J.: 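Take this structure, written in structure tokens, and hold onto it; I'll ask about it next.
Proteins get letters first, then strands, A, B, ... in listed order; numbering begins at 1 in each. These numbers come from the heavy atoms of this one structure, side chains and all, not from hydrogens, waters or symmetry mates. Note that the structure is a prediction, hence the values are computed from the model and not measured.
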2 protein chains.
Amino acid sequence: MAVKEMYEKYLEEISEVSLFQGIERVDIEAMLNCLKPIVGHYKRSDYIVNGGDKYESIGIVLKGSATVSKENAAGNRSVMTLLKQGDIFGEIVAFSSVMTWPATVQAQEACEVLFLPRGKIIGDCERMCSWHRIFIQNFLRIISERAILLNKKVEYLTIKSIRAKICAYLLEQSKKIGSKKIVLPLNRNELADFLNVSRPSMSREMGKLRDEGVIDFHLTAVEILDFQALKNNMSE
Amino acid sequence: MAVKEMYEKYLEEISEVSLFQGIERVDIEAMLNCLKPIVGHYKRSDYIVNGGDKYESIGIVLKGSATVSKENAAGNRSVMTLLKQGDIFGEIVAFSSVMTWPATVQAQEACEVLFLPRGKIIGDCERMCSWHRIFIQNFLRIISERAILLNKKVEYLTIKSIRAKICAYLLEQSKKIGSKKIVLPLNRNELADFLNVSRPSMSREMGKLRDEGVIDFHLTAVEILDFQALKNNMSE
DNA sequence: CATATTCTGTATCCTCAGATACCGACTTAG
DNA sequence: CTAAGTCGGTATCTGAGGATACAGAATATG
């Protein structure tokens, strides 16, 4: 069966994708037969989708990596995300009324991409196959978690001063792992980027916090010495 | 039938809620019997849910209005949204792995709130009732659109200079309605708030743009005179 | 119509944070 | 082992934008 073999080739990769989490291998095969996805092959720097093109399917990177970039009204293109194997793209637009791709996806290295047609996902098949419920549940989870992440990002971006951003970030990290001692998951550049400030300015402020005895740190290892001061600083 | 009558009272309000868009009145009744929601009554300034409490249900405001507020680690409470009749809350958390309410909801005036249990929404009933598909589709749409909105917000917040923010905003508005002449949907305070800058600073920058002949404006009426200049300014 | 209140533009002052440059500590490659 | 590259801390300089204040326009209220 040609179609089956077409997917069989990628079954290993597909079963790793978060969208298919909790679905049996046999069911995945059944799903693929039902969803009738298309597999696209791309060479390095090929365009996978173009911003503004008609949106029809959700994409899943089976092999390789790709960049998501967006062009603003002035024509400047900036990279927003790097997609790796197993990553999904276009999942937020799928269920909205948006009809075109909001961004461009370009192969960074040779890529294989699975496209699931937007319409087939909710399922027009009469019977609700058992896997279909899990599939939709996965979808809801993925989109929700994206929204939660964006919400968190908005919170950080809304904070005015660098000092307050750092304090908020450190408190949250510390709370998450439940310890005074934190190992930052980002290096200085990435952290500065995440908080949307310049690296030297951030370092300067961290230095001040250290001088004041609020925190201590060496590279990515940070220790909170004075929680109260940290809390006071994040408000204003 | 007591249960039916309990919902019947609110059927008018419920059928207006976006979550039930496209579902027949009779089907809504069937749904409610299946979902077994709870209706809560609250007096002004009652707490409807408390941040940190166990999350169990999605809330829908049937009557009245309520505020959504969040407390940061320093203990400062700030209002994030105002919920009005027909608005939904807690819909993003419902399908994530988050187990507690991320924010507090408090009645601003006497409120009636419908709670739909988180677990019942995907539906464990064997047959996929016809309305259930639409219901889930509505859910996906609502959450997706929230994510898109947040994404847009992040884009604006990430822009560094006030000038670039204003230019980006004006270009987008103009593009949306397809005209040089825009009537802003926000007053200065709200716009400054949305762009996360101070009002006088924003006014100052708008004044400069006017002096340069890029735009002209009077209160909320803005006209774009030089698109090219606007585009050049939003990049840097 | 008169008064009160909210909204907007503008000026002044001053601080926070960006840009840039440089150095020392590590890492990797040859 | 040397050279080149990356990463983090720090200093200096400068300017963008925040805070504050006030006055005139617009709107609401009696």
Side-chain angles (χ1 to χ4, degrees), chain A residues 76 78 82 156-170 173 181-223 225 229-230 232-236, chain B residues 76 78 82 156-170 173 181-223 225 229-230 232-236:
Chain A
N76 294 67
S78 70
L82 178 64
Y156 280 117
L157 288 173
T158 307
I159 298 174
K160 295 285 176 29
S161 75
I162 291 188
R163 169 170 285 241
K165 285 187 192 206
I166 295 171
C167 293
Y169 182 80
L170 292 178
Q173 289 299 314
K181 301 193 179 191
I182 309 164
V183 176
L184 301 177
L186 307 169
N187 68 24
R188 291 298 129 95
N189 252 315
E190 293 165 336
L191 183 54
D193 222 62
F194 176 70
L195 300 178
N196 201 34
V197 297
S198 79
R199 185 193 55 81
S201 298
M202 193 184 70
S203 275
R204 176 209 290 153
E205 208 58 46
M206 286 181 68
K208 281 188 195 169
L209 284 169
R210 182 172 50 192
D211 294 346
E212 296 170 17
V214 180
I215 61 173
D216 193 16
F217 65 90
H218 178 67
L219 302 179
T220 57
V222 182
E223 182 178 4
L225 302 175
L230 218 56
N232 295 340
N233 278 313
M234 62 169 290
S235 15
E236 148 273 1
Chain B
N76 295 68
S78 70
L82 179 64
Y156 280 116
L157 288 174
T158 307
I159 298 174
K160 294 283 176 32
S161 74
I162 292 188
R163 170 170 285 240
K165 286 187 190 205
I166 296 171
C167 293
Y169 182 79
L170 292 178
Q173 290 297 314
K181 300 192 180 191
I182 308 163
V183 177
L184 301 178
L186 306 169
N187 68 25
R188 290 298 128 95
N189 251 314
E190 294 165 336
L191 183 54
D193 222 61
F194 176 70
L195 300 178
N196 201 33
V197 297
S198 80
R199 187 192 56 79
S201 298
M202 190 183 71
S203 275
R204 176 209 289 155
E205 207 58 45
M206 285 181 69
K208 282 188 194 169
L209 285 168
R210 182 172 51 192
D211 294 346
E212 296 169 18
V214 180
I215 61 173
D216 193 17
F217 64 89
H218 178 67
L219 301 179
T220 57
V222 181
E223 182 177 5
L225 303 174
L230 218 56
N232 294 341
N233 279 312
M234 62 169 290
S235 11
E236 149 276 1

J.: For Lys160(B) and for His218(A), find the nucleotide of DNA chain C with the closest heavy atom, then tell me which residue's nucleotide is more 5'.
T.: Lys160(B)
J.: Do the side chain of Glu190(B) and the main chain of Asn187(B) share a donor and acceptor less than 3.5 angstrom apart?
T.: yes
J.: Just the rounded figure in Å: distance from P of dT8(C) to CZ of Arg188(B).
T.: 6 Å
J.: Looking at OG1 of Thr158(A) and CG of Asp193(B), how far apart are the two atoms once the value is rounded to the nearest 0.5 Å?
T.: 9.5 Å
J.: Let me know the distance between CZ of Phe217(B) and C1' of dT10(C), rounded to the nearest Å.
T.: 11 Å
J.: For DNA chain D, find the residues of residues 198-208 of chain A with a heavy-atom distance under 4.0 Å and give them by number; none if there aren't any.
T.: Arg199(A), Pro200(A), Ser203(A), Arg204(A)
J.: Within this structure, what is the CG-to-C1' distance between Asp216(B) and dG9(C), rounded to whole angstrom?
T.: 14 Å
J.: Starting at atom CG of Asn187(B), determine the distance to atom C1' of dT27(D), rounded to an integer number of angstrom.
T.: 13 Å
J.: Where do Lys165(A) and Ile159(A) come nearest, in terms of heavy atoms and distance?
T.: CE-O, 3.0 Å
J.: Restricting to non-hydrogen atoms, name the atom on Leu225(A) and the atom on Gly213(A) that form the minimum distance, rounded to 0.1 Å.
T.: CB-O, 3.4 Å
J.: Taking Arg188(B) for the side chain and Pro200(B) for the main chain, is one N or O donor matched with an acceptor at less than 3.5 Å?
T.: no
J.: To 10°, what angle do the rotation axes through the five end pairs on each side of the helix from dC1(C)-dG30(D) to dG30(C)-dC1(D) form?
T.: 50°
J.: Which atoms form the tightest heavy-atom contact between Ser201(B) and Ile162(B), and what is the distance?
T.: CB-CD1, 3.5 Å
J.: Indicate the atoms forming the closest heavy-atom contact of Leu157(B) with Phe194(B), along with that distance.
T.: CD2-O, 4.3 Å
J.: To the nearest 0.5 Å, what is the distance between CD1 on Ile182(A) and CG on Leu170(A)?
T.: 5.0 Å
J.: Within this structure, what is the CD1-to-P distance between Ile166(A) and dG8(D), rounded to whole angstrom?
T.: 14 Å
J.: What is the distance, rounded to the nearest whole Å, between atom CG of Leu186(A) and atom C1' of dG8(D)?
T.: 15 Å
J.: Report the distance from atom CG of Leu209(A) to atom C1' of dG9(D), rounded to the nearest whole Å.
T.: 15 Å
J.: Send over the distance from Ile162(A) CD1 to dT10(D) P, rounded to a whole Å.
T.: 15 Å
J.: For Tyr156(A) versus Ala168(A), what's the shortest heavy-atom pair and its separation?
T.: OH-O, 3.8 Å
J.: Leu219(A) side chain: which of dG8(D), dG17(D), dT10(C) is closest?
T.: dG8(D)
